[in-house]
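Read the structure below first, then the notes.
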Amino acid sequence: MSENKSRNFIEEIIEEDIRNNKHQGRIHTRFPPEPNGYLHIGHAKSICLNFGIAKQYNGKTNLRFDDTNPAAEETEYVESIKEDIRWLGFDWEDREYYASDYFQQLYEFAVQLIKAGKAYVDDSSAEEIGKMRGIPTVPGILSPYRDRSIDENLVLFEDMKTGKYKEGEKVLRTKLDMSSPNMHLRDPIIYRILFTPHHRTGTNWCIYPTYDFAHGQSDSIEGITHSICTLEFENHRPLYNWFIENLDIFPSRQIEFARLNLEYTLMSKRKLLQLVNEKIVDGWDDPRMPTISGIRRRGIPSEALREFATAVGIARRENVIEISKFENIVRAQLNKIAIRTMAVLRPLKVVIRNFSSELEWMEIVNNPEDPKSGKRKIPFGKEIYIEADDFMESPSEDFFRLTLGGIVRLKSAYIIQCEEIVKDKNGDIEYLLCSYIENSRSGSDKSGLKPKSVIHWVEVSNCISATVRLYGNMFTVPDPSNYEDIHSILNKESFIEISNAKLELEMKSANKELRYQFMRKGYFFQDKSSTSQNLIFNRTISLKDSFLK
RNA sequence: UGACCCAUGGUGUAACGGUAGCACUACAGAUUUUGGUUCUGUCUGUUAAGGUUCGAAUCCUUAUGGGUCAACCA
């Protein structure tokens with residue numbers, strides 16, 4: 001806690017609470033996902049906030065699955081959520097909780113409310129209740145069942161619990177204020193009947209608490225001091241507090257912050273599920289997905305995600321983060337750790353006429369950003385591959401690479417000059433005939449030549465083929481959430497597969513945990529399906545390219 | 001035409017009544033055997049109008065703009 005460091009508004013609240021010795025200075029947060037989908041980068045912001053702030057103030061963070069709706073929730077999601085949080089680097093220790101752990105307690109809270117005359121069973125249909133609720137500018141009307149006796153309510157609620165009624169036949173509502181300008185206070189429903197089996201409690205229950213009746217009480221039961229959620233729950237806060245006061249339980253405090261919005265990125269679980277269901281993507285962990293598992297498969301280190309979550313800031317103002325902010329952090333992270341290697345994505349063969357048929361071994365550094373990473377030797381020979389677009393037959397003026405008659409430096413090797421273009425019957429370039437400049441070897445260059453550019457290459461008989469996958473934004477517009485029809489804004493080029501890239505032979509035993517930089521092409525990470533027999537590299541992100549064309 | 005919340009460069013975020021700062025972007029230059037990295041510099045900002053004050057991005061009022069809320073979802 002440095003004195004002059006600027007604090008976000010939540011840190012200010014917490015420090016104020018600590019100064020006042022509120023809850024004896026205890027800080028306890030929670031991350032409360034509903035297990036109905038995979039976690040995405042927006043959740044990552046929340047995870048980092050909740051776990052980060054607890055750590056910062058010597059507090060604890062619970063993982064609590066908000067599983068009060070059996071119709072949507074599945075164990076598969078529980079597992080993925082836990083894996084993702086662990087990968088992000090956070091530990092909830094033994095505090096793995098479920099709102100469903102509290103069903104009995106919540107039921108008793110409901111009974112308590114009924115006994116206090118503050119809740120009633122309503123026989124109205126969903127439609128009728130909706131109608132009677134009114135609209136924000138017009139008060140609602142009282143349900144005809146609102147004044148049932150406490151005893152009758154007790155019996156009816158018990159009957160709901162024992163399965164005497166069908167789904168939708170009855171609900172339990174609070175007796176609050178049907179004319180409140182806050183719609184959430186117009187006798188909100190707190191229990192409904194659902195016969196779908198629950199992923200944890202099975203068929204033990206057929207009545208389930210709603211979010212409003214479960215969340216705050218769960219916080220309270222766990223002694224959560226600061227319950228951090230997103231802005232859309234702001235209007236729920238009066239209700240959150242009402243339950244705490246009327247149940248007379250531990251006063252957790254709800255604090256709302258603005259959720260993360262990212263350019264070109266969809267955060268809606270519903271629409272992400274649609275992408276998965278319609279097989280527009282290769283599952284929840286498709287490298288184009290903003291899910292934590294997709295981000296992981298793409299090769300983005302968790303540290304970059306954590307740094308991003310911090311960098312975007314915590315405030316109460318709606319925001320849209322530029323994708324460049326994210327990319328900047330990912331590149332900065334990868335630049336430090338990636339092993340440099342040469343890989344030719346779209347090979348063009350070059351025959352160096354005046355070079356011997358013997359191989360010559362060249363030295364190359366593994367990572368110029370990390371002196372400890374060392375050097376290695378790579379073979380250079382008479383036939384090499386270069387990147388097809390590193391040669392231009394009729395170059396523009398700002399093209400610095402190889403041209404007919406021009407020279408270019410081969411990274412860590414010689415300068416070559418292109419003398420002839422050999423084409424096939426169709427007029428397509430088959431290969432290039434070049435010569436090398438003998439005294440231009442890297443490290444002992446006496447040629448005096450100054451090529452405008454350095455390009456990567458691999459030696460033909462010492463390389464392996466691999467599949468390389470390039471990814472781009474999934475959508476063509478920066479604000480996909482504003483479009484209901486996602487099909488019309490899908491980026492057709494968000495996924496490009498190259499099946500015959502040429503990699504340095506050493507890459508046959510590439511480490512699946514390591515990040516690589518294919519020099520001048522970007523950062524790459526092996527796909528989960530990659531094997532040494534069938535190498536598959538996902539491009540995490542390209543390098544910045546100031547040669548725009 | 002309700003309630004609640006929000007408003008600082010292109011974007012995000014600081015400044016807590018006393019010099020509007022930082023990061024990203026963009027642009028320019030330097031370095032560079034990756035058109036990468038690194039370094040330097042430049043551009044651009046307090047939504048508006050009143051008020052309080054010696055002094056307002058900050059406090060007050062009003063306006064304007066934006067967000068959330070009318071699931072038996074969370």
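Throughout, a chain's letter reflects where its sequence line sits, starting with A, and its residues are numbered from 1. Since the model is a prediction, treat every value here as computed from it, not as a measurement.
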Under 3.5 Å donor-acceptor pair, A:Gln517 side-chain atoms to B:U34 base atoms: yes

A:His236 (side chain) and B:A74 (base): donor-acceptor pair under 3.5 Å: yes

Pairwise P distance for B:A70 and B:U8, with rounding to whole Å: 27 Å

N/O donor-acceptor pair, side chain A:Glu322 with base B:G10, under 3.5 angstrom: yes

cation_pi(A:Lys411, A:Trp457) dist<6.0 Å, angle<=45: no

For B:A20, glycosidic torsion class - syn if within 90° of 0, otherwise anti: anti

Nucleotide B:G12, atom P - distance to CD1 of A:Ile329 in whole Å: 15 Å

Pi-cation contact, A:Phe103 with A:Arg200 (under 6.0 Å, within 45°): no

B:A48 - base-pair partner by Watson-Crick or wobble geometry, distances under 3.5 Å: B:U62

Nucleotide B:C5, atom P - distance to CD1 of A:Ile255 in whole Å: 15 Å

Integer angstrom distance from the C1' of B:G45 to that of B:A57: 10 Å

Distance below 4.0 Å between A:Arg173 side-chain N/O and B:C72 OP1 or OP2: no

No-H, no-angle donor-acceptor pair, A:Arg340 side chain to B:U34 base, under 3.5 Å: yes

Separation of atom CZ in A:Phe9 from atom C1' in B:A14, rounded to whole Å: 15 Å

Pair partner, B:A3 [Watson-Crick or wobble, under 3.5 Å]: B:U68

For atom CZ of A:Arg317 and atom P of B:G66, their distance in whole Å: 17 Å

A:Asn182 and A:Ser180: CA distance, side-chain angles, deciding distance, side-chain hydrogen bond (donor to acceptor under 3.5 Å, both in side chains) verdict: CA-CA 5 Å; A:Asn182 181 343; A:Ser180 170; 5.4 Å; no

Any N/O donor-acceptor pair, A:Glu369 side-chain to B:G36 base, under 3.5 Å: yes

Nearest-angstrom distance, C1' atom, B:U44 to B:A26: 10 Å

Pairing partner of B:G55 (Watson-Crick or G-U wobble, both distances under 3.5 Å): none

B:G35 versus B:A30 - spacing of their C1' atoms, nearest Å: 15 Å

Partner nucleotide of B:A20 by Watson-Crick or wobble geometry (both distances under 3.5 Å): none

Under 3.5 Å on both distances, the Watson-Crick or G-U partner of B:U37: none

Distance between P atoms of B:U13 and B:G51 (Å, rounded): 32 Å

Below 4.0 Å: OP1/OP2 of B:A74 and any side-chain N or O of A:Thr68: yes

Short side-chain N/O contact from A:Arg192 to OP1 or OP2 of B:A74, under 4.0 Å: yes

Distance-only donor-acceptor test, A:Asn235 side-chain atoms vs B:U68 base atoms, 3.5 Å: yes

Proximal nucleotide (of B:A70, B:A74, B:C5) relative to the A:Glu234 side chain: B:C5

Rounded distance (Å) that lies between atom P of B:G35 and atom CZ of A:Arg409: 13 Å

